[in-house]
Amino acid sequence: QSNLGLLSPDQIELAKILLENGQSHLFLHWPQLGVSDNEKLSFFDQIARLNSSYPGGLAAYIKTAKELLADSKVGKNPYDGFSPSVPSGENLTFGDENFIEMEKRGVVEARNAAFVLVAGGLGERLGYNGIKVALPRETTTGTCFLQHYIESILALQESSHKIASDGCQRDIPFVIMTSDDTHSRTQELLELNSYFGMKSSQVHLLKQEKVACLDDNDARLALDPHNKYMIQTKPHGHGDVHSLLYSSGLLDKWLGAGLKWVLFFQDTNGLLFNAIPASLGVSATKQYHVNSLAVPRKAKEAIGGITKLTHADGRSMVINVEYNQLDPLLRASGFPDGDVNCETGYSPFPGNINQLIMELGPYKEELQKTGGAIKEFVNPKYKDSTKTSFKSSTRLECMMQDYPKTLPPTARVGFTVMDIWLAYAPVKNNPEDAAKVPKGNPYHSATSGEMAIYRANSLILQKAGVKVEEPVKQVLNGQEVEVWSRITWKPKWGMIFSDIKTKVSGNCEISQKSTMAIKGRNVFIEDLSLDGALIIDSIDDAEVKLGGLIKNNGWTMENVDYKDTSVPEEIRIRGFRFNKMEQLEKKFTQPGKFSLED
Ligand code: UGB
């Protein structure tokens, strides 16, 4: 009571909210007015932030927490009453007629799109000390994930403008969701690199706030163990992206400017942009309100399955069901064998890779109803079977792929399945854990992430008619991987297969020990036989033909142990580095037509 004089009317309101919602314990240790007043005021600054950053404020957070904790205590299954079935979606095969059509359609649509990268997570499983988007996507060129994403968006933008019949030349907006853990380092990375060629006005950073931790089943907020004037907080999950977008006002701006699509993606999938044009084409053709990108998934594989859930009361939704919930759900719903492979050798429930394409209009309408709030969950670690106390504080969490949970059954929610080699190679696991992954399962490490880039590019060129030699098997950081020729290109060289095909002609072959990096736009591979390293950079106005026999000692791969701290972290987590013995490196800085002899 004596502290009331210290507080502004707004702060008194916040105190009332806390007291009315069972949080009086937060003030029990407060000394009288005049003692620790600054700390008390900063406590209210934090409360104000926690209150304003959550849809419905702290009262709503505490109410939901109580409900979810009660459900968790009695072991309530969130899917009670729902029966699972296989949803309908689109299966694409790289390079066939339908795929090529979808890619072309996707490029037309790209100028009506906005991209949203969720990059607020620190990636504890990877154990890398920096932000994940700063990691090299591959070490042949050293291009980091963020640079690759930006260059891909710019390449799509340019291709889209070229074929747009309405002359619309809109810049594609790019939003990055950050958190306190990643915000300043993301900003610095962008500024240091002049936004990797994007206009700074095109990029928007939205920072997510953490949420209050909970000490017990009554949802009493936890005080920070080191500061009794501060609430302990933890990340709320990538689902925050929806409420942040909604409150940012960007959706209205985009609708006003005529945009039609919002594409969400995660921080370290270096193959994602191979899948974007075709799946955007699918969204447009099928008029999907929500399109989830997916890959074939082995039954019981540790990746969520996209599932249609139909409730006894008539409700239904197409949603990602985490793998540990899918199998028991199937067993409880008349499928005694649970999640099993079908005649294709894969589970009929495709694997969610958490890249979502939403149609902007219906998305905005839905957020207007929900404020962007996503169905949350809580995952307390109980001390014992009485489930009365927790080992450590917990908090509510939410996932961006749970967005469809509030949609009406009339919403068109579909998915697009693509080959794993083409679309999905995240970098999530540290070398030690990756080495323990059972044989045949994906490592999802920095090693496998980089090797996947070379494999995808090799397979794409093979499909375009180049004889790329078969890979060799190698063990790097304890993981057996296929090592293909180290082929990379800038997104502007070729974003879609039909464009790439126009850049390749004649009899071309590339040996397994080769490295090829194409950094220019108008570079044509014609009757090339490469056995070594070839690095080509050129300005847009230079047309360069790569042909003839190129043979040199190339770049060899040297094993590096992840424990060897004398090697930079971003290299040693891959288990190898390049030894640049010899290469043919050419830079074309003048307009005109050139060949490798020039
Ligand atoms: N992220 C945030 O931006 N904020 C947060 O608070 C947390 C994360 P993880 P996760 O690809 O196989 C997801 O940690 O959550 C960003 C799907 O839920 O890499 O364990 C973070 O920066 C799962 O269904 O993954 O699992 C990163 O960009 C499956 O699809 C992204 O959110 C799985 O990814 C994902 O965070 C997968």
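In listed order, ligands and their atoms are each counted from 1. Keep in mind the model is a prediction, meaning the values are calculated, not measured.
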For [atom], what's the nearest protein heavy atom and its distance?
{"atom": "atom 37 (C) of ligand 1", "value": "Y424 OH, 2.9 Å"}
{"atom": "atom 32 (O) of ligand 1", "value": "H238 CD2, 3.2 Å"}
{"atom": "atom 3 (O) of ligand 1", "value": "G120 N, 2.8 Å"}
{"atom": "atom 30 (O) of ligand 1", "value": "N352 O, 3.2 Å"}
{"atom": "atom 1 (N) of ligand 1", "value": "G121 N, 3.6 Å"}
{"atom": "atom 23 (C) of ligand 1", "value": "Q401 NE2, 3.8 Å"}
{"atom": "atom 14 (O) of ligand 1", "value": "R125 NH2, 3.8 Å"}
{"atom": "atom 9 (P) of ligand 1", "value": "K428 NZ, 3.6 Å"}

Inset, instruction - Report yes if M399 has an N/O atom closer than 3.5 Å to an N/O atom of ligand 1; otherwise report no. - result: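 Checking ligand 1 against M399, no N or O pair falls under 3.5 Å apart.
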
Legend entry - H236 N/O under 3.5 Å from ligand 1 N/O: no

Legend entry - Ligand-residue contact atoms, ligand 1 with D267, heavy atoms, under 4.0 Å: 21 (C), 22 (O), 27 (C), 28 (O)

Inset, instruction - Go through the steps for R297 and D339 under the test salt bridge (Lys or Arg N to Asp or Glu O under 4.0 Å), then give the verdict. - result: CA-CA 11 Å; R297 168 183 164 279; D339 184 19; 2.8 Å; yes

Legend entry - ligand 1-proximal atoms of F264, by part, heavy-atom distance under 4.0 Å: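 No part of F264 comes within reach of ligand 1.
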
Legend entry - ligand 1 versus P235: contacting region, heavy-atom distance under 4.0 Å: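 For P235, the contact with ligand 1 is made by the side chain alone.
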
At the 4.0 Å heavy-atom cut-off, does [X] count as touching ligand 1?
{"X": "N320", "result": "yes"}
{"X": "M400", "result": "no"}
{"X": "A119", "result": "yes"}
{"X": "S179", "result": "no"}
{"X": "H444", "result": "no"}

Inset, instruction - Assert yes or no for the condition that the ring centre distance of F115 to F174 is strictly below 6.0 Å. - result: no

Inset, instruction - Answer with yes or no after comparing the ring centroid distance for Y363 and H289 against a 6.0 Å cut-off, counting only values under it. - result: no

Inset, instruction - Measure from atom 13 (C) of ligand 1 to every heavy atom in M177, Q266, K234 and give the option owning the shortest one. - result: Q266

Inset, instruction - Salt-bridge test for D181 and K210: reply yes if a basic N is under 4.0 Å from a carboxylate O, no otherwise. - result: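 A salt bridge links D181 with K210.
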
Legend entry - Test: E366 and K369 ion pair at under 4.0 Å: yes

Legend entry - Pair Q147-N193, side-chain donor/acceptor within less than 3.5 Å: no

Legend entry - Residue pairs, two or more places apart or on separate chains, that pass salt bridge (charged side-chain N to carboxylate O under 4.0 Å, His left out) and touch residues 344-353: none

Legend entry - Cationic tip of K391 above Y382 ring, under 6.0 Å, 45° of axis: no

Inset, instruction - Scan for ring-ring contact (aromatic ring centres under 6.0 Å, His included) pairs involving residues 429-452, sequence neighbours excluded, and state none if there are none. - result: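 Matches after skipping sequence neighbours: Y424-H444.
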
